[in-house]
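Encoded as structure tokens, the structure appears first; notes follow it.
What's counted below: heavy atoms across the whole structure, side chains too, no hydrogens, waters or symmetry copies. Per chain, numbering begins at 1; letters A, B, ... match sequence-line order.
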Amino acid sequence: MKKASEAFSELEFNTLLERLKKLTPEAEKEAHFEPSYKESSFEQISTELKKAKKVALNFIRESDEINSILLSFGDSVHVLEAAELEKIKPYLEDKKLKKLTFDSKPLIFALRFDEIRLAGVSFDVQLGAYLLQPTRTNYTASDLGFRYLKLYIGEGQDSFRQAIIDCYLAYHLEEPLTKKLTEGKLEKVYNELELPLSPVLAAMEYRGIGINKEELKTYSNELAQMINKLEEEIYRLAGEEFNINSPSQLSSILFEKLKLKPVKKTKTGYSTDSTVLAKLINEHPIIENMINYRELAKIKSTYVDALPKMVNPKTKRLHTTFNQTVTATGRLSSSNPNLQNIPIRTDIGKRIRKAFVPARATDLLLVADYSQIELRVLAHLSKDETLTKAFEEHKDVHQATAAEVFGLPVNKVSEEARRKAKAVNFGIVYGISSFGLAQQLQIDAKEAATYIEMYFNRYPKVKSFIDRTVSDAYKKEFVKTLYGRCRQLPELKSNDVRIRNFGERSAINSVIQGSAADIIKQAMINVENALFTDDLMSRMVLQVHDELIFEAMALEKSALSSLVKKQMESAYVLHPSLEVNISTGPNWLEAK
DNA sequence: CGTCTCAGCGCGTAC
DNA sequence: GTACGTGCTGAGACG
């Protein structure tokens, strides 16, 4: 009863506030920015459009359908009916007329349904704001309007008003954002990488990738049966039925009922994650079943059952969204669905890849992946002779590292030593801590520390590069990649040593991961252009951080292979040079 | 009081 | 180190 009355009074309070706002329109106008707009026809704006050098552009859309066209020459925003699209088409496709946008990719994407190729996008608010502050989680009109123009724009506008505001901002943020980008020496990465990449990503999203729904349906049934059996066995061994997917319920079965020894804690209780289960494998027969259950359940719910639901009914294909303004380092991310974390490591997971196929059975998928791009970037940036030489001599880099670190002849490097060296290499790229390496290798921190020390003994210039990068980061509070992409590191100002250490690792990781991201972005732009120049029909459809996936026309297989290899390897002149491996197959599994 | 929604969290997949 | 998605859980909103 009390709660209900409290809720009511709060509701009443809000309603009163709303009324108050309406009663004082003057105060409202002062506090909140509202761009003016007018409904116009093509004829009314055609004179201005003809003589204009630049125009801000936006659409009001329902999913991918354009309902209205928004144009601004600086003052009022013109709202035109979608029916006028045909008349505006030549202007949209005229690369000499500069288009200023708030977020260009959805516009490019939507226009493709009307067979219009937007050209001349010279400014994109989202991309500019991202390059200036890549660690922000979003770039809303309200935040950006205030930050760069001191405008008060309310959050949570309806979609019509939001579209108007975005169009207005696309015009008026050009000057302040461009100025900031220049000050930060970010023009190169902005103009040569992010802006030209945007239409490439739009095209890849538009194309999508083929998926064999029947294959997944069959697999789903198989998995259901296997999961069912494991479920029964787990219940039997537990002596009761419970929700296996609930970490808290599993925890009480394992650590209370079965009296197993807890390995580590989480915020809320005892951890049951895969590393914990692995350590308990010899303690109780239920553990092995749990490990198997977890893997199958993960694959089924996240991929096998989820992916078919996301197939576009019109195109019969999967269309991911490549997010260009999400990661702190400059990598892309992929969502709805995420096609950058499709399983590959286990046999159970591999079968998912088999379901990714080209549109026509006669075509192929072609996968082109950079060999060890991050370690090559490290060799390049550090100028370490030993590491550089390993690549120049086409050595197995983990094996070579093992030989160096453990002082063995190459032919005496055991599987075990190679595995350890590989973990050290990963650790270096991630910004190593002895704690992290110890956890990875299941050894104590002291032993891990000696591995790191031995590594730095053999690769002294990697050591000095890391030291230089970190001390530079403390001085400037940011780091930069090969292309000048910037990441701020406010963590380095923290009084908490754990947060500072995190900042130091991020500094190293961002330079290496971000530089690799720069390179593959350059490669994507170059490859896409080359495909059109050479009149090939094959198309790039996915990017997974260090690899590009193409739908290849069978007849173009060899031409495509050499084009892609050439373009990817020459995207950036690195020392040691970049190396790309190519393979093809009837599906994503067999093209790896 | 039951139903719904949402955010946080544990977990696991990728590079 | 960098991401994203699923399922569970508890809190608060809703009717």
Side-chain angles (χ1 to χ4, degrees), chain A residues 1 3-4 6-8 10-11 134-135 137 242-251 264-278 290-291 293-307 309-310 320-346 348-350 352-353 369-370 372-375 378 423 425-433 435-437 439-440 466 479 487 489 491 501-514 516-517 520 542-548 588 592:
Chain A
M1 260 328 242
K3 266 199 174 158
E6 271 173 15
F8 184 70
E10 189 165 332
L11 189 71
T135 45
T137 51
F242 65 101
N243 187 342
I244 309 176
N245 294 322
S246 161
S248 90
Q249 291 186 38
L250 177 64
S251 165
K264 64 176 175 182
K265 286 181 179 178
T266 65
K267 281 180 191 174
T268 51
Y270 294 127
S271 172
T272 67
D273 70 23
S274 60
T275 64
V276 169
L277 296 180
M290 267 307 307
I291 293 171
Y293 175 92
R294 277 261 177 85
E295 187 187 4
L296 298 185
K298 174 77 181 181
I299 297 296
K300 183 168 187 287
S301 71
T302 309
Y303 305 103
V304 178
D305 291 348
L307 291 175
K309 292 181 193 158
M310 307 203 66
T320 187
T321 300
F322 286 110
N323 311 299
Q324 208 179 345
T325 61
V326 166
T327 68
T329 57
R331 274 190 176 178
L332 299 176
S333 79
S334 158
S335 57
N336 303 307
N338 180 0
L339 297 184
Q340 290 181 326
N341 74 343
I342 301 302
I344 182 143
R345 287 165 200 192
T346 70
I348 307 274
K350 275 182 180 163
I352 316 286
R353 293 212 168 204
D369 70 305
Y370 278 114
Q372 301 292 350
I373 187 168
E374 291 183 338
L375 286 173
L378 175 64
N425 279 332
F426 265 92
I428 297 288
V429 167
Y430 290 164
I432 202 158
S433 74
F435 176 78
L437 183 64
Q439 216 177 17
Q440 179 69 34
I466 289 174
V479 290
R487 175 176 179 178
L489 293 157
E491 295 89 348
N501 285 339
F502 174 77
E504 292 182 13
R505 291 195 291 277
S506 302
I508 299 169
N509 178 243
S510 294
V511 173
I512 299 172
Q513 191 181 104
I520 197 166
L542 292 178
Q543 187 251 43
V544 190
H545 307 311
D546 65 354
E547 69 184 58
L548 299 175
W588 197 359
K592 268 297 273 192

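- Checking side-chain atoms of Ser335(A) against main-chain N and O of Asn338(A) turns up no donor-acceptor pair under 3.5 Å.
- Residue-level contact check: Gln249(A) touches the backbone only, with heavy atoms under 4.0 Å from sugar-phosphate atoms and none from bases.
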### Message
Evaluate Val429(A) against Gln513(A) for side-chain contact (heavy atoms from CB on, under 4.5 Å), listing each step before the verdict.
### Response
CA-CA 8 Å; Val429(A) 167; Gln513(A) 191 181 104; 6.0 Å; no

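- Under 4.0 angstrom from either OP1 or OP2 of dT9(C) there lies at least one side-chain N or O belonging to Ser246(A).
- Applying the 4.0 Å criterion to OP1 and OP2 of dT2(C), one finds that Ser510(A) has every side-chain N and O outside that range.
- Within the 4.0 angstrom heavy-atom criterion, only backbone atoms of the sugar-phosphate kind lie near Ala306(A); the bases stay farther away.
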### Message
Across nucleotides 9-15 of chain B, 5' to 3', mark each nucleotide with B, S or - according to how protein heavy atoms within less than 4.0 Å reach it.
### Response
SSSBBSB

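- In this structure, the salt bridge (charged side-chain N to carboxylate O under 4.0 Å, His left out) partners of Lys592(A), at least two apart in sequence or on a different chain, are Glu547(A).
- When distances run from any side-chain atom of Asn243(A) to the nucleotides dT2(C), dC8(C), dG5(C), the shortest one goes to dC8(C).
- Ala297(A) comes within 4.0 angstrom of no nucleic acid atom, judged by non-hydrogen atoms across all strands.
- Minimum heavy-atom separation, Thr320(A) to Pro337(A): OG1-O, 2.7 Å.
- Positionally, the nearest nucleotide of DNA chain C for Thr329(A) lies more toward the 5' end than for the other of Thr329(A) and Asn336(A).
- Formation of a donor-acceptor pair under 3.5 Å by the Arg353(A) side chain with backbone atoms of Pro343(A) is found in this model.
- Residue Val429(A) is out of contact with every strand shown, counting any heavy-atom pair closer than 4.0 Å.
- In this view, Lys350(A) satisfies the salt bridge (charged side-chain N to carboxylate O under 4.0 Å, His left out) rule with no residue, not counting sequence neighbours.
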